[in-house]
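Worth knowing before you read on, the calculation uses all heavy atoms, side chains too, and leaves out hydrogens, waters and symmetry mates. First the proteins, then the strands, lettered A, B, ... as listed; each starts at 1.
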Number of protein chains: 2
Amino acid sequence: MAHDSGLRLTPQRRVILRVIEESGDHLDAETIWKRAKEHDQKLNLATVYRTLVVLKDMGLIDQRYFARKHKREIYESAHKPEHYHFTCKACGEVSEFQTGHITELRAELETEFGWRMSHSCLCFEGYCAKCAERCAESD
Amino acid sequence: MAHDSGLRLTPQRRVILRVIEESGDHLDAETIWKRAKEHDQKLNLATVYRTLVVLKDMGLIDQRYFARKHKREIYESAHKPEHYHFTCKACGEVSEFQTGHITELRAELETEFGWRMSHSCLCFEGYCAKCAERCAESD
DNA sequence: TTCATTGCAAAATTTTTGCATACGA
DNA sequence: TCGTATGCAAAAATTTTGCAATGAA
């Protein structure tokens, strides 16, 4: 936050960023707000939304999608090493995994189409090993 | 719609499905509604939302995300061959591409973790060739 | 001191729901 | 005929904004 343009490092922003960085989880605005309020009773949800925009613009956090049914914006720390997500449609568990395929594909596409990539989002949905046995049917 | 459980093929559903199938685009509920209303003046937005759920459950359409800033649910026909998306952050254009990397990765993950995959969503963001020249800076 | 940031409340946006009526099978 | 689907209006859920007051630099 000690940046060029007059951005200020307020206690609110400090707390919100810390909540996101300390959580291994993937959080929506309201969850971030609830957790941050444990440290700052008066913190307002509107401040959370405004701060998320600022932190995202600064590249400190990433907004993500994990599953088609997601209705809310989801955030996680941008400091985690590049990874992707698998969501189990039965138990809802989100697993992270790594792979070189995307880096490779990215390079191929940049060469082929002249695109300059800045973000990748890959998410799989399906059934985890545990649930796959029970849920052979359905979508 | 000529299915098992008492689902009915109403004119509304027919029109909504046709709008999605005939559009090469990626549509949100309101856009679908506007286009469908050209064929059915009285069509209600609530009906569109309800129909989207039904069509999605039947596997006739897919819900997707293309970019982190997307606020609305986006749909496209499920009959298109498997493909992925790149969104230009400058001009907003959405390009589709194909690749074998995901199929391969999918198989690897199924083997490694025992997951059973049902959906993949891969989206890249960045700058298209045209915009890349002008927009070397910014997120 | 100055201007970015906050809290609060109100508005905007997007999606869902209740209910009486209409209509497909 | 029977029960699913629709239209309408109202509610819910999520995010954004206006504005006066606050506080970081």
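- Between B:Y127 and A:W115, the ring center distance fails the sub-6.0 Å criterion.
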Inset, instruction - Treat primed atoms plus P, OP1 and OP2 as sugar-phosphate and everything else as base, then score nucleotides 12-19 of chain C 5' to 3': B for base contact with protein heavy atoms under 4.0 Å, S for sugar-phosphate contact only, - for none. - result: --SBBBB-
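- One can place CG of B:D57 at 15 Å from C1' of D:dA5, the figure rounded to the nearest angstrom.
- With rounding to whole Å, A:Q41 atom CD is found 12 Å from C:dC8 atom P.
- Sorted by first and then second residue, the salt bridge (charged side-chain N to carboxylate O under 4.0 Å, His left out) pairs with a member in residues 99-110 of chain A form an empty list; sequence neighbours excluded.
- Each end of the helix from C:dT1-D:dA25 to C:dA25-D:dT1 gets its own axis from five base pairs, and the two axes differ in direction by 40°, given to 10 degrees.
- Separating the CG atom of B:D40 from the P atom of D:dA5 is a distance of 16 Å, rounded to the nearest angstrom.
- Side-chain atoms of B:S118 come within 3.5 Å of backbone atoms of A:E125 as a donor-acceptor pair (strictly under, hydrogens ignored).
- Under the side-chain hydrogen bond (donor to acceptor under 3.5 Å, both in side chains) criterion, A:E82 pairs with A:Y84, sequence neighbours left out.
- Contact annotation: A:T10 reaches the phosphate of C:dT6 (side-chain N/O to OP1 or OP2, under 4.0 Å).
- The list of ring pair (Phe, Tyr, Trp, His ring centres under 6.0 Å) pairs with a residue in residues 6-57 of chain A, not counting sequence neighbours, reads A:H26-A:F66, A:H26-A:H85.
- With sequence neighbours excluded, the residues that form a salt bridge (charged side-chain N to carboxylate O under 4.0 Å, His left out) with A:E30 are A:K34, A:R72.
- Spacing between atom CG of B:L43 and atom P of D:dA5 amounts to 15 Å, rounded to whole angstrom units.
- With sequence neighbours excluded, the residues satisfying salt bridge (charged side-chain N to carboxylate O under 4.0 Å, His left out) with B:E76 are B:R64, B:K80.
- A search for side-chain contact (heavy atoms from CB on, under 4.5 Å) contacts involving B:K71 returns A:E73, not counting sequence neighbours.
- Rounded to whole Å, atom P of D:dG23 lies 15 Å from atom CZ of A:R14.
- In terms of the side-chain hydrogen bond (donor to acceptor under 3.5 Å, both in side chains) criterion, residue partners of B:T31 (sequence neighbours excluded) are, by chain and number, B:D28.
- Rounded to a whole Å, the NZ atom of A:K37 is 11 Å from the P atom of C:dG7.
- For the side-chain contact (heavy atoms from CB on, under 4.5 Å) test, no residue two or more places apart in sequence or in another chain qualifies with A:E38.
- Rounded to a whole Å, the CG atom of A:L52 is 14 Å from the P atom of C:dT5.
- Going from atom CD of B:Q12 over to atom C1' of D:dC8 covers 14 Å, rounded to whole Å.
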Polar-atom pairs under 3.5 Å, protein N or O versus N or O of nucleotides 2-4 of chain D: list them with distances, or write none.
unit_1 : atom_1 : unit_2 : atom_2 : d
D:dG3  : N2     : B:R8   : NH1    : 2.1
D:dG3  : N2     : B:R8   : NH2    : 3.2
D:dG3  : N3     : B:R8   : NH1    : 3.4
D:dG3  : N3     : B:R8   : NH2    : 3.2
D:dT4  : O4'    : B:R8   : NH2    : 3.4
D:dT4  : O3'    : B:G6   : O      : 3.3
D:dT4  : O2     : B:R8   : NH1    : 2.8

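- Residues passing the side-chain contact (heavy atoms from CB on, under 4.5 Å) test with A:S23 are A:D25, A:L27, A:R35, sequence neighbours excluded.
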